[in-house]
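Inspection log for the structure reproduced underneath, given as structure tokens.
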Amino acid sequence: MALLPVAALDVEAAVIAALRPVVPAGTVVATEVPRTATGDLRFPARMVRVTRTGGALVSPAHDRQTVLVECWASSSTDAWALAGVCHQAMAGWSDELSAVAWLTHRAEWSGPVNYPDPRTAHARYQFVHELQVRAKE
């Protein structure tokens, strides 16, 4: 197997794949909020959105990225619990992030914080982690 250029690794997809098994059944985990046929946002009852917010290539083999995780739910209590599940899961990650990437560094930039979203009546908590990955050979 050829070595992937580390900058080509899709960390959003890797984080989504790692979070899906730990969130409650029926939770949407994606990079975008679903939309209706007319293009309006359609927030599900529970949702986790994963977004790469920045980062830099620190060597030819290592990409250090910041990842924002937003957790919406119909109540503040449920949104807090969803953020807690995701945050705890990410805090416990060690070496393998995905089938194509090793996690070589993880740091918490922000724990879960209440960040109301004016576009919806749902409660939202969010947090930011820094992840450094290396492509598997």
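Note that the structure is a prediction, hence the values are computed from the model and not measured.
Side-chain atoms of D63 and V58, non-hydrogen and from C-beta on, never get closer than 4.5 Å to each other. Side-chain contact between V33 and M47 is present, with heavy atoms from C-beta onward closer than 4.5 Å. Here the side chains of L57 and H62 are not in contact, with every heavy-atom distance at 4.5 Å or above. Side-chain atoms of L68 and V50, non-hydrogen and from C-beta on, never get closer than 4.5 Å to each other.
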Show the atom names and distances, to 0.1 Å, of all donor-acceptor pairs under 3.5 Å that link a side chain in residues 81-91 to residues at least two apart or in another chain.
unit_1 : atom_1 : unit_2 : atom_2 : d
H87    : NE2    : E108   : OE1    : 2.9

Side-chain polar contacts of residues 122-129 - donor-acceptor pairs under 3.5 angstrom, sequence neighbours left out - could you list them?
unit_1 : atom_1 : unit_2 : atom_2 : d
H122   : ND1    : T120   : OG1    : 3.2
H122   : NE2    : P44    : O      : 3.0
R124   : NE     : Y115   : O      : 2.7
R124   : NH1    : E70    : OE2    : 2.8
R124   : NH2    : Y115   : O      : 3.3
R124   : NH2    : P116   : O      : 3.3
Y125   : OH     : S76    : OG     : 3.3
H129   : ND1    : R106   : NH1    : 3.4

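The two atoms that bring L131 and V11 nearest to each other are CD1-CG1, 4.1 Å, heavy atoms only. The heavy-atom pair separating G55 from T66 by the smallest distance is N-OG1, 4.2 Å.
Among pairs with a residue in residues 14-37, none fulfils ring pair (Phe, Tyr, Trp, His ring centres under 6.0 Å), at least two apart in sequence or across chains.
Here the OG1 atom belonging to T31 is positioned 14.0 Å from the CZ atom belonging to R52, to the nearest 0.5 angstrom. The NE2 atom of H105 sits 4.0 Å away from atom CZ of R64, with the distance rounded to the nearest 0.5 Å.
Using a 4.0 Å cut-off between charged side-chain N and carboxylate O, D117 and R49 make no salt bridge.
Judged as a side chain to side chain donor-acceptor pair (under 3.5 Å), and not counting sequence neighbours, R20 has no contacts. Under the side chain to side chain donor-acceptor pair (under 3.5 Å) criterion, S74 pairs with no residue, sequence neighbours left out. Taking the side-chain contact (heavy atoms from CB on, under 4.5 Å) definition, one finds that S75 meets it with T77, D78, sequence neighbours left out.
Between the side chains of Q132 and T104, at least one donor N or O sits under 3.5 Å from an acceptor N or O.
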